[in-house]
Structures are given as C-alpha cells and as structure tokens.
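This is a predicted model, so every value here is computed, not measured.
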Amino acid sequence: MGSNLTQPELNEKKHPFLIFKDPRLKKQMAKLFVPFLLQELVVVLTTLMSNLVLKWWGTDLKLTTGLSNAFQVFFLYNIIAASFCYIGNLFMSQHYGRGAIDDVQKDYYVLMKVAIVHGLIFFILVLTIPEYLLFFVKDADVKNYAVEYLKWFSPVFLLIAPSMINYTMMKNLRLEKFCTLSSIITFSIILLFESTFIFTLGTKHPTWALEIAALSMALGRLGEFIFLFIVINKKGIVKFRFKDFFKANPKRFKAIAYYGAPVVLAKISWGCGFVAVTIITNRIGVGPLLDAHGLMSTYQNLVMCLSNSISGVTAVLIGRELGANRLRKAEDHGSDVSRLLFVMGLIEIGAFMLFLPIAILTTPSLTPEAKDYLWKVFLIQTIALIPRSYNTTFMNGLFNVGGDTLFIMLLDGLTAWLTIFPLGMIGTHFAWDPLLIYALIQLEEVFKFPFNIWRYKQKKWVFNITQKKGIVFNE
C-alpha cells in the first residue's frame, strides 16, 4: 500500500505561507462543505433536541439518564455505519476520478447490502436482547427507560445506514445540493413532529416523553430515506435497479473487504473503547465533574462538526485526484488541507470559548462546584481540539481515501485499548484524583497526533488503489 510518487515529485518545493496553493480546491471545498456540515449537524442537533425536550417536559433525572445510555448503543451503531461511508469514499471517489461510473454503481450495491445487514442486526438485537446491550447500566429504572426508548427507536436502525450510503454516493457524484436539501428536510420533519406531539399528546400523556422523542426521529429518518431514494433514481447518473442489486459480485466484495475490513474493525474497536471510557468516566463518582463533562461534550460535538465535515470533503476531492492518477496534485491538495486544519482548529477553539458562557447562563441548576469543574473540563477539551482536527481529517480523510487503512486500524485500536482504557482503569482502581483520571482518558487525540503527523509525512496515502496489483474488481 506504499506511495507511487516519483522522487522528484516528492522533493519539489511547496508554498508554506499560503493555505490554498490551488485556488480551485478552495472553491470545490466550499461547495461540498455545506452538505457535509448539515449532515453532521442533523445527527448532533436531533440528539440535543431530544434531550432538551425531555428537560423542558420536566422528566426526572433517571429518564434523561436512560436516554443518554440508549444513545451509547446508537453511537456504536452510527460509528460502524460511518465506517461504511469511509469505505464508500475510498472506492467511489477513486473510481469516479478515473471516469468508471459503472464501478461506482457496483461499489454502491455492495456497500448498500452491508448497510442493510448492519441495520437488521441492530434492529433484531434491540428488539430481542436490549438488556444485554445495556449491560453497563446498573440502575434498574434507568435501564428500563433506556430499553423502552430503544424499542421505539428500533426502526431508525433500518434506515440510517442505507441513507448514509446514499449520501456518500451522491456527494461523490456531484449531487451535493440534494444532500443539503435532504438534511434540511430531515431536521424539519423531526422538529415538526416532536413539537406537534409535545403540544398534543404530551399534554394528555406526560409519561410518553421517550416514545414521542423516538417516534419523531423515526418519522424524520423515514422521510430522509424516501427523499434520497427518489433523488438517486430521478437525478443521479447511477440508478438503483433491483435486478442488478441482487447480483453477486464476490471479486468486488473481496476487493472492498481488502481495504474496508481494517476500517470497520478500527471503528468497532474505537467505538467499544469509547463506550468503555464513558463507563469509566461515569464511575469516577464525582457528580459535579460528570455534569460539567456532559454539558461541555454537547457543545464540543457541535464544534467538531466543522472538522468532521472537512474530513469528508477531503476524502471526496483527494480521492478523485488519486483515482485519476494525478498523484502530485493529490499530494498538493493534502498539503493545502493540512494548513487549513490549523486554522480550522483555531476557529473551533474560538467557537468553543463562545459556548462556555452560554453553557453557564442556560444551566442555572449548576452548583458552584460544577461551575468550577466546567472551566477545568473546558480547558482539557480545548487542548484536544487542534490535534482532534488533524487526526479526524488525516485518518478519515487522507489515509482512508489513499488505502492506508491498516494504519488506521492499528492506531485506533492500540490507542484505545493499550493506553486510554488501561490508564483509566488504573486511575480508578488506585483512587487517583478524579480530574487527573478524566484528563488522561479525554486526551486520546493528543496521544494520536504525533503518529498521524509522522504517517502523513511518509506519504503512504498518496496511492491509486485501482492500480493495485492483485486487486480484481470485476468477474
């Protein structure tokens, strides 16, 4: 999976004081940024909206805690589904770059099948053994609330992963304006139904809070799925044909699995590690610290939508250049993106600083101790923002789209399970200062950062996978 740049290409001088060496890249990134950003915001804002609805409703703490635990299951589902999108960006962008639209369609069919199976697995697990998925929840009432929400939420598991594959294909085929429209429609449907249900059913049945939040999400995601399916078949150069969808293509599946399996394993490992770290965080046992963490994490997720969007845009645009075998241009674009990421990290820090007074003003129930922890949590999370900005785009964007997926798997897995998780367990066992334990398990991105910079400079990601010897895409 090594670089196939020639030595003169690698050694040519750059322009270090310009963010964008190629002004066309700036225009292309600006055009794609909004669709990616809106898709990220829909996920974060709908989760935030459900929490706000429950707080407005006046529900007890155990119910909102149950909802948070249910979202841990959804988080794991979502992170695995996102790995299918990273694989889609890798193959679809490179095949589109070399003009192989037929290959893009076949990639789409393989990934859609995987997404459907993924959704079915979670759907069945949630309906049959939700208690086992929530093994980390000890309080019986909290677990019951979480189980109830997951059962009502279960249809969403069938819809989101296929929709994410549709979004991935549309962005790679220059249908980004419809992705923007779809995100707006999805959020509007969820907001409309949640508001309507609150002021109709909610006034008569105040105990239906979880059901209303889950049902609103399901209806919104159903509308999203239908809209994307219609757009693909009406506007796309790739159509969904059932007769072609059910055709077997084992060689293509094997080719996709060669690069894709490490990505999926990396995200499963990282997702499980994240949930494990969350459990450790909850067991620190300092209520004000946990309150501060929960509050600032919500705003951090909003801020990180910027980096996540840049990562997706980078994968699509640089993947096209790699697929077209314009390797030098892809490398130059990577340099432009690396300079942009520092600026983006500073913007994220500025936005995060604005959220701090908002968090304090909009949460009058915070105790003086919790407010004191809020500043410390803010500082810890701020330290990680610039490294996180680089890590997200390098791993999910550059390395992924260049086929350097084995490195992603190793770094994600080793960081989560050989550093962060053991440190958290040791600190909890030996009763270290809670804030020190929290800092250690929250600074995962700082540990990853130097390894990603080293790998970026090696240029292993500057690689055209469609010319890889031994990889056959068709029968």
Can you find a heavy atom in the side chain of F399 that is under 4.5 Å from one in the side chain of T405? no
Can you tell me how far the CG atom of L133 sits from the OH atom of Y77, to the nearest 0.5 Å? 14.0 Å
What do you reckon, is CE of M425 surrounded by more than 12 foreign heavy atoms closer than 6.0 Å? no
Atom of C305, atom of V44 and distance for their closest heavy-atom approach: SG-CG2, 3.7 Å
Parallel, tilted or perpendicular: rings of Y390 and F449 (30°, 60°): perpendicular
L423 and I441: CA distance, side-chain angles, deciding distance, side-chain contact (heavy atoms from CB on, under 4.5 Å) verdict: CA-CA 7 Å; L423 284 173; I441 62 180; 5.5 Å; no
Between the main-chain N or O of C179 and the side-chain N or O of S182, is there a donor-acceptor pair closer than 3.5 Å? no
Taking the six-membered ring for Trp, are Y456 and F394 parallel (under 30°), tilted (30 to 60°) or perpendicular (over 60°)? parallel
Less than 4.5 Å apart, any side-chain heavy atom of N172 and any of M169? no
Go through the steps for V43 and Q39 under the test side-chain contact (heavy atoms from CB on, under 4.5 Å), then give the verdict. CA-CA 7 Å; V43 175; Q39 188 181 354; 5.6 Å; no
Does F451 CZ have over 12 foreign heavy atoms under 6.0 Å away? no
Any chance you could measure L175, atom CG, to N166, atom CG, to the nearest 0.5 Å? 11.0 Å
Quick check: does any side chain N or O of Q94 sit under 3.5 Å from a backbone N or O of V401, one acting as donor and the other as acceptor? yes
Do K171 and F36 form a cation-pi contact, if we require the NZ or CZ to be under 6.0 Å from the six-membered ring centre and within 45 degrees of the ring's axis? yes
Less than 4.5 Å apart, any side-chain heavy atom of Y259 and any of I87? no
What I want to check is whether the side chains of Y96 and D103 have a donor and an acceptor closer together than 3.5 Å. no
Heavy-atom closest pair (S307 atom, S389 atom, distance to 0.1 Å) is OG-OG, 3.1 Å
Worked verdict on V231 versus M170 for side-chain contact (heavy atoms from CB on, under 4.5 Å): CA-CA 9 Å; V231 168; M170 290 167 65; 3.6 Å; yes
T393 and S311: side chain donor to acceptor below 3.5 Å: no
Decide side-chain contact (heavy atoms from CB on, under 4.5 Å) for H95 and D107; before the verdict, give the C-alpha distance in whole Å, the side-chain angles of both, and the deciding distance to 0.1 Å. CA-CA 9 Å; H95 282 140; D107 297 335; 2.6 Å; yes
Starting at CD of E445, measure out to CG of N452 and round the result to the nearest 0.5 Å. 8.5 Å
Validation row: I160, F74 side chains within 4.5 angstrom (heavy atoms): yes
Do you know the tightest heavy-atom contact between S309 and L37? OG-CA, 3.0 Å
From L302 CG over to E40 CD, what is the distance, rounded to the nearest 0.5 angstrom? 11.0 Å
Interatomic spacing from CG in L76 to CH2 in W270 - rounded to 0.5 Å: 10.5 Å
Quick one: do the N400 and N89 side chains pair a donor with an acceptor below 3.5 Å? no
Would you check, one step at a time, whether the test ring-ring contact (aromatic ring centres under 6.0 Å, His included) holds for H118 with F157? CA-CA 8 Å; H118 172 63; F157 290 116; 8.4 Å; no
I want to check something: taking the side chain as every heavy atom from C-beta on, are L410 and F407 in contact at a cut-off of under 4.5 Å? no
Which pair of non-hydrogen atoms, one from V156 and one from A218, has the smallest distance, and what is that distance? CG2-CA, 3.5 Å
Heavy atoms, side chains only, cut-off 4.5 Å: are L414 and T419 in contact? no
Would you say the side-chain atoms of Y86 and N396 include a donor-acceptor pair closer than 3.5 Å? yes
For the pair T415 (side chain) and L411 (backbone), establish whether a donor and an acceptor sit closer than 3.5 Å, ignoring hydrogens and angles. yes
If you draw a 6.0 Å radius around CZ in F229, do more than 12 non-hydrogen atoms from other residues or ligands fall strictly inside? yes
Of all heavy-atom pairs linking L306 and M344, the shortest is CB-SD, 3.7 Å
Salt bridge K448-D412, side-chain N to carboxylate O under 4.0 Å: yes
If you take all heavy atoms of M304 and T392, which pair is closest and at what distance? CE-OG1, 3.9 Å
Modelled atom types, side-chain donor and acceptor of E331 and W461, under 3.5 Å: no
For side-chain hydrogen bond (donor to acceptor under 3.5 Å, both in side chains), just list the numbers for Y167 and E224, CA-CA rounded to whole Å, side-chain angles, deciding distance to a tenth of an Å, and then say yes or no. CA-CA 10 Å; Y167 274 123; E224 174 186 52; 2.8 Å; yes
CE (M112) and CE (M164) are apart, to the nearest 0.5 Å, by 11.5 Å
Do E176 and V316 come close enough that some side-chain heavy atom pair is under 4.5 Å? no
Contact check, side chains of R328 and D332, non-hydrogen atoms, under 4.5 Å: yes
